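Below is one structure; the comments refer to it alone.
In what follows, every heavy atom counts, from backbone to side chain, and hydrogens, waters and symmetry copies are set aside. Keep in mind it's a predicted model, so treat the numbers as computed, not measured. Whatever order the structure lists ligands and atoms in, that order sets their numbers, starting from 1.
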Amino acid sequence: MRIVIKLGTSTLTHATGKLNIRRVEKLCKVMSDLKNAGHELILVSSGAIAMGVGKMNLTRKPADIPTKQALAAVGQCELMYVYDKLFSEYHHTVAQVLLTGSDVEDPQRRENFQNTLFRLLELGALPVINENDTVATAEIAVGDNDTLGAIAAVNAHADLLVLMSDIEGLYTADPRKDPHAALISEVRELTPEILSLAGGSGSELGTGGMVTKLRAAGMCMAAGCDTVITNGNRPEDLYRIAGGEAVGTRFYGKK
Ligand code: GLU
């Protein structure tokens, strides 16, 4: 199976912006094992800005664009250093791919992106994709990594996109406010009722929320790719998800 795994900022870092070492080590170990078992993996990783916040010892994510871009430049290095170190322990090679929205809208550049992705997979490398936040401003950015995950999954002709963040999946109501909220385990169509269940943005350091996750699921469904929304705090769940077991919310791609 070809699987795109998107890791949200809340999964990778503590609220301080510093790396969640225990979590990230486990994730890299499980992903390495899935690769060893024969799956092709592509990682879409957030966390550059948050890691920049942590590395520069700031107390919170800045609001102004130049500082965010500068922190992304700092944090992206740190992020790739961590992945390179952890995946190397299991003899896997990571490859950094930075994109903006305009890269995938331009047919020539999109084709270049696809060719590189396919070749990296043939070579057995693990592409690690993020938005090129240092140059991306609102006009040219994809804007959030849930959508970037869907773009990666569609362009890589993936079988599955896994969106890992700090929520278990799609609920019938906001579980932080409503104790009766129930997890929806399967979605076969994005009906207006399903779309109405999305709230606003999730955590303080991240960007996406349920709106961007449902948009990503919709893009994948149309391309015949399944999407799973799940909590990144149980890395071992990736084994069950790859095996087709019910974890979080699974959106079925049109077959
Ligand atoms: N590209 C951003 C970062 O690496 C994250 C965007 C997102 O979380 O959706 O910090």
Side-chain angles (χ1 to χ4, degrees), residues 4-20 23-24 27-28 42-56 58-84 94-104 113 126-154 161-167 198-220 227 229-233:
V4 176
I5 298 167
K6 181 263 173 172
L7 301 176
T9 298
S10 56
T11 297
L12 299 168
T13 63
H14 292 289
T16 55
K18 303 244 193 240
L19 187 72
N20 186 328
R23 173 97 44 82
V24 175
L27 281 163
C28 291
I42 295 171
L43 186 54
V44 173
S45 179
S46 302
I49 297 174
M51 299 265 286
V53 169
K55 190 142 199 205
M56 302 308 282
L58 304 180
T59 46
R60 62 166 62 87
K61 184 170 161 180
D64 71 296
I65 291 170
T67 313
K68 271 197 241 180
Q69 293 187 314
L71 291 175
V74 170
Q76 183 65 30
C77 292
E78 180 77 357
L79 205 52
M80 288 312 295
Y81 168 74
V82 167
Y83 286 131
D84 196 13
V94 292
Q96 173 178 261
V97 180
L98 296 178
L99 291 176
T100 61
S102 48
D103 292 322
V104 281
F113 163 54
L126 173 61
V128 181
I129 305 177
N130 196 1
E131 180 121 36
N132 193 355
D133 290 313
T134 299
V135 298
T137 47
E139 305 73 44
I140 60 161
V142 173
D144 70 88
N145 276 6
D146 296 322
T147 310
L148 188 62
I151 289 172
V154 171
L161 168 68
V162 184
L163 300 173
M164 297 192 109
S165 70
D166 55 359
I167 39 168
S201 173
S203 71
E204 210 185 309
L205 280 169
T207 306
M210 197 45 84
V211 177
T212 56
K213 287 179 181 52
L214 291 187
R215 189 200 302 147
M219 290 166 68
C220 287
T227 306
I229 298 178
T230 189
N231 199 319
N233 65 9

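- Evaluation of the side chain to side chain contact (heavy atoms under 4.5 Å, CB included) rule for Thr137 yields Ile65, Gln69, Glu139, Ile140 as partners, not counting sequence neighbours.
- Considering both main-chain and side-chain atoms, Asp146 never comes within under 3.5 Å of ligand 1 through any nitrogen or oxygen pair.
- Using a distance-only test at 3.5 Å, with no hydrogens or angles considered, no donor-acceptor pair links the side chain of Glu131 to the main chain of Leu148.
- For the side-chain hydrogen bond (donor to acceptor under 3.5 Å, both in side chains) criterion with Lys6, the lone passing option out of Asn145, Asp146, Thr227 is Asp146.
- Of all atoms in ligand 1, numbered sequentially from 1 with element shown, those under 4.0 Å from a heavy atom of Asp144 are 9 (O).
- Residue Glu131 has no N or O atom closer than 3.5 Å to an N or O atom of ligand 1.
- Here's the thing with Ala48: one of its N/O atoms is less than 3.5 angstrom from an N/O atom of ligand 1.
- In this structure, Ala72 does not count as a contact residue of ligand 1, since none of its heavy atoms falls inside 4.0 Å of the ligand.
- The line from NZ of Lys55 to CG of Leu71 is 12.0 Å long, rounded to the nearest 0.5 Å.
- Counting the atoms of ligand 1 from 1 in the order shown, those under 4.0 Å from a heavy atom of Ser46 are 4 (O), 5 (C), 7 (C), 8 (O).
- When non-hydrogen atoms are compared, ligand 1 lies under 4.0 Å from the side chain of Asn130 (C-beta onward) but not from its backbone.
- Of the candidates Val44, Asp133, Asn132, it is Asp133 that places a heavy atom closest to atom 3 (C) of ligand 1.
- Here's the thing with Ala50: none of its N/O atoms is less than 3.5 angstrom from an N/O atom of ligand 1.
- In this structure, Val128 and Gln96 have side chains that are not in contact, with every pair of non-hydrogen atoms separated by 4.5 Å or more.
- Remark: side-chain polar atoms of Asn130 are paired, donor with acceptor, to backbone N or O of Ser45 under 3.5 angstrom.
- With contacts defined as side-chain heavy-atom distances shorter than 4.5 Å, the pair Tyr83/Leu43 qualifies.
- Within ligand 1, counting atoms from 1 as listed, the ones closer than 4.0 Å to a heavy atom of Gly47 are 3 (C), 4 (O), 10 (O).
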